[in-house]
Amino acid sequence: MSADCIFCKIAKGEIPSNKVFEDDEFIVFHDIKPIAPVHFLIVPKAHIESLLSTGVTHQDLLGKALLIAPKLALQLGLKGFRTMVNTGREGGQEVFHLHIHVFGGSAVLPRT
Ligand code: AMP
Ligand code: ZN
């Protein structure tokens, strides 16, 4: 938990979200500013800043995070999707709590 982190607050239920899925390790919710018809975020509950802060100890968590994407995409009616992990300021990251974007629901998807 990082005191000022918005995704930590969502994970703790202190800030509401449009939740898709939750278990002990992850919370998944719809992006507040979707850029595709379906746009959700897979967020580990543990505060990890970005992929730059991960190592071999996160291997299991990162594997589980990716496996959530197809499971929920299918549940939401998608037949395919795009994933994105912005990493660091140079990588376009705005919220410094690791998350995977999942986009779908349209043939025309953003390239960024
Ligand atoms: P990134 O640039 O990868 O850090 O993206 C952060 C994403 O978090 C953006 O797409 C935001 O729209 C999204 N976001 C920020 N605050 C919230 C929130 N309270 N609930 C849902 N999504 C959020
Ligand atoms: Zn956090």
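As the structure is a prediction and not an experimental result, all values here were calculated from the model. Start at 1 and go down the list; that is how both ligands and their atoms are numbered.
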Exercise. Does any N or O atom in Ile6 lie less than 3.5 angstrom from one in ligand 1, N or O only?
Worked result: no

Exercise. Would you say Glu94 has any N or O atom under 3.5 Å from an N or O of ligand 1, going by distance alone?
Worked result: yes

At under 4.0 Å between heavy atoms, is it the side chain or the backbone of [X] that contacts ligand 1, or both, or neither?
{"X": "Phe7", "answer": "side chain"}
{"X": "Asn18", "answer": "neither"}
{"X": "Phe96", "answer": "neither"}
{"X": "His30", "answer": "backbone"}

Which of the ligand 1 atoms, numbered from 1, are nearer than 4.0 Å to a heavy atom of [X]:
{"X": "Asn86", "result": "1 (P), 2 (O), 3 (O)"}
{"X": "Gly92", "result": "2 (O)"}
{"X": "Lys33", "result": "12 (O)"}
{"X": "Gln93", "result": "2 (O), 4 (O)"}
{"X": "His101", "result": "1 (P), 3 (O), 5 (O), 7 (C), 10 (O)"}
{"X": "Ile10", "result": "18 (C), 19 (N), 20 (N)"}

For this session: To the nearest 10 degrees, calculate the angle at the Zn ion (ligand 2) involving ND1 of His97 and SG of Cys5.
Result: 100°

Under 4.5 Å between any side-chain heavy atoms of [X] and [Y], yes or no?
{"X": "Phe21", "Y": "Lys71", "answer": "yes"}
{"X": "Lys64", "Y": "Glu25", "answer": "yes"}
{"X": "Asn18", "Y": "Ile32", "answer": "no"}

For this session: Have a look at Asp31, Ile32, Ile15, Leu41 and point out the one with the heavy atom closest to atom 10 (O) of ligand 1.
Result: Asp31

Seminar exercise, completed: Taking every heavy atom of Gly104 against every heavy atom of Leu78, the minimum-distance pair comes out as C-CD2, 3.7 Å

Exercise. Hey, does the side chain of Gln93 reach the backbone of Gly88 with a donor-acceptor pair shorter than 3.5 angstrom?
Worked result: yes

Exercise. Judged by atom type as modelled, is there a donor-acceptor pair below 3.5 Å linking the side chain of Thr87 to the main-chain atoms of Val85?
Worked result: yes

For this session: Run through His101, His99, His30 and flag the one making a ring pair (Phe, Tyr, Trp, His ring centres under 6.0 Å) with His39.
Result: His101

Problem set entry | Glu90, CD atom: more than 12 neighbouring heavy atoms under 6.0 Å | no

Problem set entry | Name, closest N/O/S atom of His47 to the Zn ion (ligand 2) | ND1

Problem set entry | Aromatic ring proximity Phe81/Phe40, centre distance under 6.0 Å | no

Exercise. What is the nearest protein non-hydrogen atom to atom 6 (C) of ligand 1, stated with its residue, atom name and distance?
Worked result: His99 NE2, 3.5 Å

Exercise. Hey, what do you get for CD1 (Ile6) to CD (Glu94), rounding to the nearest 0.5 Å?
Worked result: 11.5 Å

